[in-house]
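Report on the following structure.
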Amino acid sequence: SMAFIGERIGLIFQMADDIVDGLTQNGRPAYQDIANGQLNYVTLKLIELHPELYHPVYEYKKSGKGEVPWKVSQYQEAVKAVHEVINFEKDKIISVFRELCRERDQLDLFPIFELMIS
């Protein structure tokens, strides 16, 4: 169960990092993952939500040049969907940890963990 929790926390951090990839920050341009030929959780969700973007996204992934093939609103929709996945994963982690605390009669640890995950 702790392995499950560790794996899921890693997954959440990766999804959060993929969301940050869509932002311009510290002089670093947005969308560096796809410009470097890598799809991330957000771009995969974008394709899932907008199948018509499948070929344009893969073409952009190959070249890494020019304007991105999606609209800002489409990308924001994908980011929102990834946030929902993150929240779902956090709820699962909290539920598993709560059960572990219950099994070990250490429920006093649970509030600290829940705060940390949130």
Side-chain angles (χ1 to χ4, degrees):
S1 290
M2 288 306 285
F4 171 84
I5 290 171
E7 178 183 299
R8 292 323 217 197
I9 289 173
L11 178 67
I12 287 170
F13 275 110
Q14 185 58 57
M15 285 189 268
D17 184 62
D18 291 350
I19 288 171
V20 171
D21 180 67
L23 305 173
T24 302
Q25 55 184 358
N26 299 328
R28 182 183 149 281
Y31 313 123
Q32 285 300 290
D33 287 349
I34 197 164
N36 292 327
Q38 301 170 344
L39 296 179
N40 62 31
Y41 282 100
V42 179
T43 49
L44 290 171
K45 185 58 77 174
L46 181 68
I47 291 168
E48 181 184 318
L49 294 170
H50 300 280
E52 72 277 9
L53 290 174
Y54 178 87
H55 290 294
V57 167
Y58 275 90
E59 286 302 313
Y60 185 80
K61 176 183 171 279
K62 280 189 217 169
S63 72
K65 293 182 173 66
E67 291 294 315
V68 294
W70 52 78
K71 296 177 185 146
V72 171
S73 60
Q74 291 172 315
Y75 196 83
Q76 288 171 337
E77 182 184 358
V79 166
K80 182 179 177 200
V82 172
H83 269 293
E84 289 170 6
V85 174
I86 288 172
N87 288 332
F88 177 77
E89 290 296 333
K90 282 176 17 180
D91 289 346
K92 278 200 304 192
I93 291 168
I94 288 169
S95 176
V96 168
F97 192 78
R98 181 185 299 119
E99 191 54 38
L100 280 172
C101 288
R102 221 178 255 132
E103 286 172 10
R104 290 172 174 76
D105 197 26
Q106 294 183 327
L107 281 170
D108 55 322
L109 295 176
F110 179 72
I112 296 166
F113 182 80
E114 186 176 31
L115 182 63
M116 192 175 66
I117 293 297
S118 297

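What you see below is based on every heavy atom in this structure, not just the backbone, and it leaves out hydrogens, waters and symmetry mates.
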Under 3.5 Å, sequence neighbours excluded: what are the donor-acceptor pairs made by side chains of residues 18-30?
residue: Asp18; atom: OD1; partner: Gln14; partner atom: NE2; Å: 2.9
residue: Asp18; atom: OD2; partner: Tyr41; partner atom: N; Å: 3.0
residue: Asp21; atom: OD1; partner: Arg28; partner atom: NH2; Å: 3.1
residue: Asp21; atom: OD1; partner: Gln32; partner atom: N; Å: 3.1
residue: Asp21; atom: OD1; partner: Asp33; partner atom: N; Å: 3.1
residue: Asp21; atom: OD2; partner: Asp33; partner atom: N; Å: 3.3
residue: Asp21; atom: OD2; partner: Asn40; partner atom: ND2; Å: 3.4

Checklist line | Set of residues satisfying side chain to side chain donor-acceptor pair (under 3.5 Å) with respect to Glu99, sequence neighbours excluded | finding: Arg102
Check: Is there any side-chain hydrogen bond (donor to acceptor under 3.5 Å, both in side chains) pair reaching into residues 54-64, and which pairs are they, with sequence neighbours excluded?
Finding: Glu59-Lys62
Notebook entry, point to check: Are Leu49 and Ile47 joined in one hydrophobic group, where the rule is that I, L, V, M, F, W and Y side chains link up if heavy atoms are under 4.5 Å apart?
Noted result: no
Next item on the list: Check whether any side-chain heavy atom of Met2 sits under 4.5 Å from a side-chain heavy atom of Leu100, and report yes or no.
Entry: yes
Check: Are the side chains of Met15 and Leu11 in touch, meaning some heavy atoms are under 4.5 Å apart?
Finding: yes
Notebook entry, point to check: At what distance, to the nearest 0.5 angstrom, does CD1 of Ile117 lie from NZ of Lys90?
Noted result: 8.5 Å
Only pairs under 3.5 Å count here: list side-chain donor-acceptor contacts from residues 67-86, not counting sequence neighbours, and write none if there are none.
residue: Gln74; atom: OE1; partner: Lys71; partner atom: N; Å: 2.8
residue: Glu77; atom: OE1; partner: His50; partner atom: NE2; Å: 2.8

Margin query: Can you list everything that forms a side chain to side chain contact (heavy atoms under 4.5 Å, CB included) with Ser95? Sequence neighbours excluded, please.
Written below: none
Would you give me the side-chain donor-acceptor pairs under 3.5 Å for residues 105-113, sequence neighbours excluded?
none

Notebook entry, point to check: Is the count of non-hydrogen atoms from other residues, nucleotides or ligands lying under 6.0 Å from Phe4 atom CZ greater than 12?
Noted result: yes
Next item on the list: Could you state whether Phe97 and Phe88 fall into the same hydrophobic cluster, counting links through intermediate Ile, Leu, Val, Met, Phe, Trp or Tyr residues with side-chain heavy atoms under 4.5 angstrom apart?
Entry: no
Item checked: Arg98 side, atom CZ; Asp91 side, atom CG - distance, nearest 0.5 Å -> 9.0 Å
